[in-house]
Number of protein chains: 2
Amino acid sequence: MKNNPITIKDIARILGISASTVSRALKDHPDISVETKKAVNELAAQLKYQPNAIALSLKQSRSNTIGVIIPEIVHHFFSSVISGIEDVAYKAGYTVMICQSNEKYDREVANTNMLLAHRVDGVLVSVAKEATNFDHLRMMKEKGIPLVFFDRIVPGLESDQVVIDDEEAAYKATKHLIDNGRKRIVHFSGPSHLQISTNRKDGYLRAVREAGLTEDPALIIEADNFEKAVVAVRHMVDNKNLPDGIFATNDLTAVGAMQGLQKLGVKIPEQIAIVGFSDGRLSGITNPPLTSVDQHGYEMGSLATEILLQRILSSDENYTPVTRVLQGNLVVRESSK
Amino acid sequence: MKNNPITIKDIARILGISASTVSRALKDHPDISVETKKAVNELAAQLKYQPNAIALSLKQSRSNTIGVIIPEIVHHFFSSVISGIEDVAYKAGYTVMICQSNEKYDREVANTNMLLAHRVDGVLVSVAKEATNFDHLRMMKEKGIPLVFFDRIVPGLESDQVVIDDEEAAYKATKHLIDNGRKRIVHFSGPSHLQISTNRKDGYLRAVREAGLTEDPALIIEADNFEKAVVAVRHMVDNKNLPDGIFATNDLTAVGAMQGLQKLGVKIPEQIAIVGFSDGRLSGITNPPLTSVDQHGYEMGSLATEILLQRILSSDENYTPVTRVLQGNLVVRESSK
DNA sequence: GTGAAAGCGCTAACAT
DNA sequence: ATGTTAGCGCTTTCAC
């Protein structure tokens, strides 16, 4: 049963015709007679012939493959992006090669080389947190490989990109709290060297200013995970310095705050309303369900892929890079009512 | 900048030597003189030469690629499996081609053909819920492509497989409830045509019997998602027919039960203790945190890949298929204390 | 120590 | 309507 795969030559030999005739018959070339086509297709089906995609790639000098470099596949947001990528790519006859950087610079470089070796026709990238040098990506561009960034972009690198409007989404989230009568709103923010974090903080600040609330630096606390949020809220309770609203830079932080507070007897949302960011599986199942910003991972993936495929097909060297900004939806649930 | 990739020929031409010498120099062949090697390697580095993996695959009639067919990448369990797969595969110099079936039979067949076309050296499969016909997978085996199943296996198909001991894990989960003094334990089960569901039910039953509890068919309720669980617990409350423990076939169902009950004023775990299955991101962040079975997705992925690579390399046609059973850990949290 | 040639599977001029 | 040939990039046997 370990027989080598059937090739066009096998079919040709059996039918006593040439390989090129078989090739043409299989792709319904007008020159080929109906009988020949019939014979070829029948035999091919019978032998379960599968065209060798590798040979095709070599011949055509294009792999019909796109590469994806992503920080971590186990994050709901990123896996939904991949879903969007795959759907669009497969529909267009492309296969997808997925690489995880695990947030490491070295891995990202290794991934780049791997994709280069496989002659991918284009690449989708969301850069690793750790990466500060981007020569490897620049090199890809120089080799003429179209690059589309999504979510985590590289400021210095001119390229197509798909991002969500973090500032605006954060503004909407904060404004929602304000519209519900909250006046002392804490922001749990991410590390300030990440553009994503500062954008979200800026949105928060805009909403606060616009509403004429006091703009207190003490209300902005750097905490971007579950544990840090738990610690931070315990401090608040200890100091009897409770806000009436919290906007967190991501959902896990919001949940940490929520649970930390609940454990200390604070009622959510009655005493403190909470809003997260990056609506994942978990927002709907917390208690109470968490208001959050839907980042549209699937749409981001499919849109980025559409742009990439367009670049690949048009192969116009002098295009102007496009930036597509998706609006994050605020999904209001019980935690902020 | 759209220059074609550098090939071995380019290097040969520039250096005025033959392509075969370049090839040998690059792989440090003993015949080649030190100077030639040096010259070749330097030029290759300078030109950023990348060997063409596609040409290599064609030449060697193996792709150094393994295929993965998985139901849905957006499930935490499956994405951690993929993480495990990728780590092992990349370390061994293999690339990974990931396909989602989205639980559809048609997609699974299409994925199979795609992987076949790409001449993958082996395939890892977790079958789609919808699939009942497995000729496409059988065909792969007949073509001599090693297949390793993980998690969702195909009973009739002799092949390597990595599964978790669902029966035992379900037994442990149920026994844990019993050990904590619970006597009337409901099981929310999955569809009975899925082996995974019946295994879990069997484990539940074994624990119940062993403890000499009443084995009431009314205590087994088919409900395997959030909404169904909410409906089911509402019935219980309406009928004033509350159990004191619930073991659910997956976490989302457990969470649905938990929230449904809480909304109706039932205290978790005081009145009803709850245990889920397939410890994902969410078990730790529910309120109270959910006791659940850790399915070891990463280990399952890495183990399955190790087995597959071994099959690929040994290429012994007459091996006896191996079944590796992982033990699921019960992770005890507040929901069952 | 190096080169020439063949071939992996396929396609696309260029014959006939 | 079909066959012949060359070549995609690389490795490898066989020469020298």
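Keep in mind it's a predicted model, so treat the numbers as computed, not measured. Letters A, B, ... are given to chains in the order of the sequence lines, protein chains preceding strands, and every chain is numbered from 1. Side chains are part of it too, since the values below use all heavy atoms of this structure and drop only hydrogens, waters and symmetry mates.
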>> Would Asn111(A) and Tyr90(B) count as a side-chain hydrogen bond (donor to acceptor under 3.5 Å, both in side chains) here? Give the steps.
In response: CA-CA 10 Å; Asn111(A) 293 336; Tyr90(B) 283 133; 5.8 Å; no
>> Before you tell me yes or no, could you show the steps for Glu142(B) and Arg138(B) under salt bridge (Lys or Arg N to Asp or Glu O under 4.0 Å), namely the whole-Å CA-CA distance, both residues' side-chain angles and the distance that decides it to 0.1 Å?
In response: CA-CA 6 Å; Glu142(B) 277 165 18; Arg138(B) 215 163 271 123; over 6 Å; no
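Distance, Ile17(B) CD1 to dA4(C) C1': 14 Å, rounded to whole Å. Arg62(A) places its CZ atom 17 Å from the C1' atom of dG9(D), with the value rounded to the nearest Å. Regarding Leu15(A), its CG atom lies at a distance of 15 Å from the C1' atom of dG3(D), rounded to whole Å.
Near DNA chain C, defined here as any heavy-atom distance below 4.0 Å, there are no residues from residues 28-45 of chain A.
Scanning for side-chain contact (heavy atoms from CB on, under 4.5 Å) contacts around Asp28(B) gives Lys37(B), with sequence neighbours left out. For Ile14(A), the side-chain contact (heavy atoms from CB on, under 4.5 Å) criterion is met by Leu43(A), Leu47(A), not counting sequence neighbours.
Applying the side-chain hydrogen bond (donor to acceptor under 3.5 Å, both in side chains) test to pairs two or more places apart or on separate chains, those with a residue in residues 115-129 of chain A are Ser63(A)-Asp121(A). Among residue pairs with one or both ends in residues 48-82 of chain B, none qualify as ring pair (Phe, Tyr, Trp, His ring centres under 6.0 Å); sequence neighbours excluded.
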Which atoms of nucleotides 8-11 of chain C (N or O only) lie under 3.5 Å from a protein N or O atom, and what are those distances?
{"from": "dC8(C)", "atom 1": "OP2", "to": "Lys9(A)", "atom 2": "NZ", "distance (Å)": "3.2"}
{"from": "dC8(C)", "atom 1": "O2", "to": "Lys59(B)", "atom 2": "N", "distance (Å)": "3.4"}
{"from": "dG9(C)", "atom 1": "N2", "to": "Ala55(A)", "atom 2": "O", "distance (Å)": "3.4"}
{"from": "dC10(C)", "atom 1": "OP1", "to": "Tyr49(A)", "atom 2": "OH", "distance (Å)": "2.5"}
{"from": "dC10(C)", "atom 1": "OP1", "to": "Asn52(A)", "atom 2": "N", "distance (Å)": "3.3"}
{"from": "dC10(C)", "atom 1": "OP2", "to": "Ile8(A)", "atom 2": "N", "distance (Å)": "2.6"}
{"from": "dT11(C)", "atom 1": "OP2", "to": "Ser23(A)", "atom 2": "OG", "distance (Å)": "2.7"}
{"from": "dT11(C)", "atom 1": "O2", "to": "Lys59(A)", "atom 2": "NZ", "distance (Å)": "3.1"}

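We find that Arg152(B) and Glu103(B) are joined by a salt bridge, their nearest charged nitrogen and carboxylate oxygen being less than 4.0 Å apart.
Asp151(B) contributes atom CG, which lies 12.5 Å from atom NE2 of His296(B) (distance to the nearest 0.5 angstrom).
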